[in-house]
Amino acid sequence: MARPVKIGLDYFPLNTNIDADDKMELIESEFGSKGFAVVIKLFCKIYSDKGYYYDWTEKEKLLFAKRTGESVGLVDEIVKRSVKWGLFNESVFNQFHILTSAGIQSRFLEAVSRRKRIEMFKEILLINVSEHENGINVNINSINDDNSTQSKVKESKLKESIGAESPSGETFVPEEPVKNPPKQESGKTPQQSGVDRIDFDKLLKTINHVTGRGFEVINENTRKKFRTRLKDGYKKETILIAIKNAAKSEYHQSNGCQYLTPEFFSRADTLDKYGNDASASKTTEPVKSNNHEISGPWAS
């Protein structure tokens, strides 16, 4: 019987002066030694499990908190602040609920330099693999629609020569994969009216304008969630009201609206909490963005 292919690492390099790193000092200043310990244990989990990333879903939060002996709330807050201070990439975390960084990915590639083949997901790549030159074959795959990094789409068997040199710091921005249109249930006709279409460009501008953020794209997984919310019966005006109300809330204003992401507004519980307004069924007042009025973020 063939031995299972190893994915993670048995060990990883850790700088002896890591406690003097500004990012780690910021975490320690907020959470003390518990913050330091949680971050180191996160590094251990990342390198030992997938090698260069770690899914941060509800399941992982519960299991990781149990293993560390800390409360789920404390661990989750440490993770969010670690993202805020740059220990993990904020864009990848917000879009995919994944913990990774350019440094983690670079150290992973250095550690697997003797392997013949590895697989990496293009949506979360933060380094330029073409700058590595030691001959490992890397399959660059895509994260599937179910937002689970366990399920891979072998749409691209891209083989690149990689090695152990430090990354240039350039960020690989993948093109958004083309998805097949959703299948219609038997007996139902496709809905083509303007009420059912979503103008994601205008939605993104609205989110950025209202929250003061600077998101560049709404990924396909989040788009799918927004479409699902409409099928569930939520109105576009309700989503717009939720965006406005959440941005006005004392909690989100106190932390700079850092948790107000496109994915956040695609959740049913978010719409239930912030979109409950008597005027949700009425036409909402326009939102101005880049000197243009948007009569609702999906006007077409």
Would you say the side chain of [Y] lies within less than 4.5 Å of the side chain of [X], judging by non-hydrogen atoms?
X	Y	result
M24	V39	yes
F226	F265	yes
Q95	T222	no
H97	E58	no
E77	R81	yes
L42	L87	no

[atom1] of [X] to [atom2] of [Y]: how many Å apart, nearest 0.5 Å?
X	Y	atom1	atom2	result
L63	T57	CG	OG1	8.5 Å
L62	D76	CG	CG	10.0 Å
L126	I104	CG	CD1	9.5 Å
C44	L9	SG	CG	11.0 Å
L260	H252	CG	NE2	4.5 Å
F43	R107	CZ	CZ	7.0 Å

Indicate, with yes or no, if [Y] and [X] share a hydrophobic cluster defined by side-chain heavy-atom contacts under 4.5 Å among Ile, Leu, Val, Met, Phe, Trp and Tyr.
X	Y	result
I78	V72	no
L14	L109	yes
Y259	V83	no

SB check [X] [Y] (cutoff 4.0 Å):
X	Y	result
R267	E263	yes
K50	E119	no
K205	D201	no

For [Y], does its backbone N or O pair with a side-chain atom of [X] as donor and acceptor, under 3.5 Å?
X	Y	value
S106	G103	no
K236	R197	yes
T100	Y52	yes

Side chain to side chain contact (heavy atoms under 4.5 Å, CB included) partners for D272, two or more places apart: Y234
Within a radius of less than 6.0 Å around NZ of K34, do more than 12 heavy atoms belonging to other residues, nucleotides or ligands occur? no
Taking atom OH as the centre, does Y251 end up with more than 12 heavy-atom neighbours from other residues, nucleotides or ligands that are less than 6.0 angstrom away? yes
Verify side chain to side chain donor-acceptor pair (under 3.5 Å) between W85 and D22, making sure each step is shown before the conclusion. CA-CA 9 Å; W85 299 127; D22 287 347; over 6 Å; no
Using the rule given for side-chain contact (heavy atoms from CB on, under 4.5 Å), can you reason through F64 versus W56, listing the C-alpha separation, both sets of side-chain angles and the distance that settles it, and then say yes or no? CA-CA 9 Å; F64 186 83; W56 192 246; 4.1 Å; yes
Start with the C-alpha gap between I124 and N89, add the side-chain angles, then the distance that decides, and say whether side-chain contact (heavy atoms from CB on, under 4.5 Å) holds. CA-CA 9 Å; I124 62 175; N89 184 271; over 6 Å; no
Determine, step by step, whether N94 and F215 satisfy the side-chain contact (heavy atoms from CB on, under 4.5 Å) criterion, reporting the C-alpha distance in whole Å, the side-chain angles of both residues, the deciding distance to 0.1 Å, and the verdict. CA-CA 10 Å; N94 288 338; F215 299 105; 4.0 Å; yes
F93 versus L99, closest heavy-atom pair with distance: CD1-CD2, 3.6 Å
Name of the residue among K80, R213, K84 meeting salt bridge (Lys or Arg N to Asp or Glu O under 4.0 Å) with E90: R213
